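Counting from 1, the numbers follow the sequence of the chain as shown. Just so we're clear, the structure is a prediction, and the values are computed from it rather than from any experiment.
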Amino acid sequence: QVQLVESGGGSVQTGGSLRLSCAADGPSWQKTVIGWFRQAPGKERRGVAATYNGTPRYDAAVRGRFTISLDPAKRTVFLEMNSLIPEDTAVYYCAVDSRDSTWYAWYRPEGYQFWGQGTQVTVSS
């Protein structure tokens, strides 16, 4: 069992920045797919970034603005979000899964076994 706790959400204006954190309590993160997802009201949950064995992946909507990073010693994954726009408003979730197959479709939420509770990000114009 893996417990995930997100933090760092909040409200910012367009162009602002936030850094989300996801702390894990559980087995080693080696060979683990770690993803950040978001879900806006009335929309499906979708992946925005993920990392596996040091390789990042980003959704086109956030590439160049968001950065995923990992601190294995602290068992924490971060999502640095810059140049935020109102379309980034959503609840953000981190998720992990130890199956290699999850990486090939990292953006699909159904591939992840463990989830955090989510943190709200609101970007105003």
Side-chain angles (χ1 to χ4, degrees):
Q1 190 73 16
V2 177
Q3 303 290 332
L4 303 172
V5 179
E6 300 101 334
S7 61
S11 297
V12 297
Q13 293 186 331
T14 296
S17 298
L18 285 172
R19 188 174 82 154
L20 305 183
S21 300
C22 175
D25 180 16
S28 170
W29 276 16
Q30 290 184 350
K31 296 185 179 180
T32 299
V33 183
I34 307 166
W36 281 100
F37 289 76
R38 66 186 180 186
Q39 187 167 18
K43 295 188 177 181
E44 294 184 349
R45 190 173 299 187
R46 62 181 296 164
V48 295
T51 184
Y52 180 55
N53 285 344
T55 300
R57 290 285 186 268
Y58 298 96
D59 181 76
V62 306
R63 191 175 296 124
R65 299 188 299 121
F66 290 12
T67 303
I68 187 170
S69 61
L70 181 66
D71 185 339
K74 296 182 179 179
R75 298 180 54 74
T76 301
V77 61
F78 304 97
L79 186 67
E80 187 77 33
M81 306 186 297
N82 299 312
S83 301
L84 285 162
I85 57 178
E87 290 75 13
D88 295 320
T89 295
V91 178
Y92 284 71
Y93 301 87
C94 66
V96 301
D97 197 272
S98 60
R99 295 168 292 185
D100 291 347
S101 58
T102 297
W103 182 237
Y104 298 107
W106 64 267
Y107 46 87
R108 297 183 63 183
E110 55 267 33
Y112 292 77
Q113 186 174 7
F114 300 106
W115 290 83
Q117 82 288 352
T119 185
Q120 177 71 46
V121 171
T122 302
V123 185
S124 58
S125 57

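Not counting sequence neighbours, the partners of Glu110 by the salt bridge (charged side-chain N to carboxylate O under 4.0 Å, His left out) test are Arg108.
In this structure, OH in Tyr92 is found 12.5 Å from CD in Glu6, a value given to the nearest 0.5 Å. With rounding to the nearest 0.5 Å, the separation of CD1 in Ile34 from CH2 in Trp103 is 10.0 Å.
A donor-acceptor pair under 3.5 Å links the side-chain atoms of Thr89 to the main chain of Val123, judged by distance alone. Under the 3.5 Å distance criterion, the side-chain polar atoms of Asp71 are left unmatched by any main-chain donor or acceptor of Thr76. Between the side chain of Ser21 and the backbone N or O of Ser7 there is no donor-acceptor pair closer than 3.5 Å.
At least one side-chain heavy atom of Arg65 sits under 4.5 Å from a side-chain heavy atom of Asp88.
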Item checked: Chi angles and distances behind the side-chain contact (heavy atoms from CB on, under 4.5 Å) call for Tyr112, Trp106 -> CA-CA 8 Å; Tyr112 292 77; Trp106 64 267; 3.7 Å; yes

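Hydrophobic clustering keeps Phe78 apart from Met81 (ILVMFWY residues linked when any side-chain heavy atoms are closer than 4.5 Å, directly or through intermediates). Hydrophobic cluster membership differs between Val33 and Val48, with clusters built from Ile, Leu, Val, Met, Phe, Trp and Tyr side chains linked at under 4.5 angstrom.
Between Trp36 and Phe66, the gap from one ring centroid to the other reaches at least 6.0 Å.
Sorted by first then second residue, the salt bridge (charged side-chain N to carboxylate O under 4.0 Å, His left out) pairs that include residues 45-55, not counting sequence neighbours, are Arg46-Asp59.
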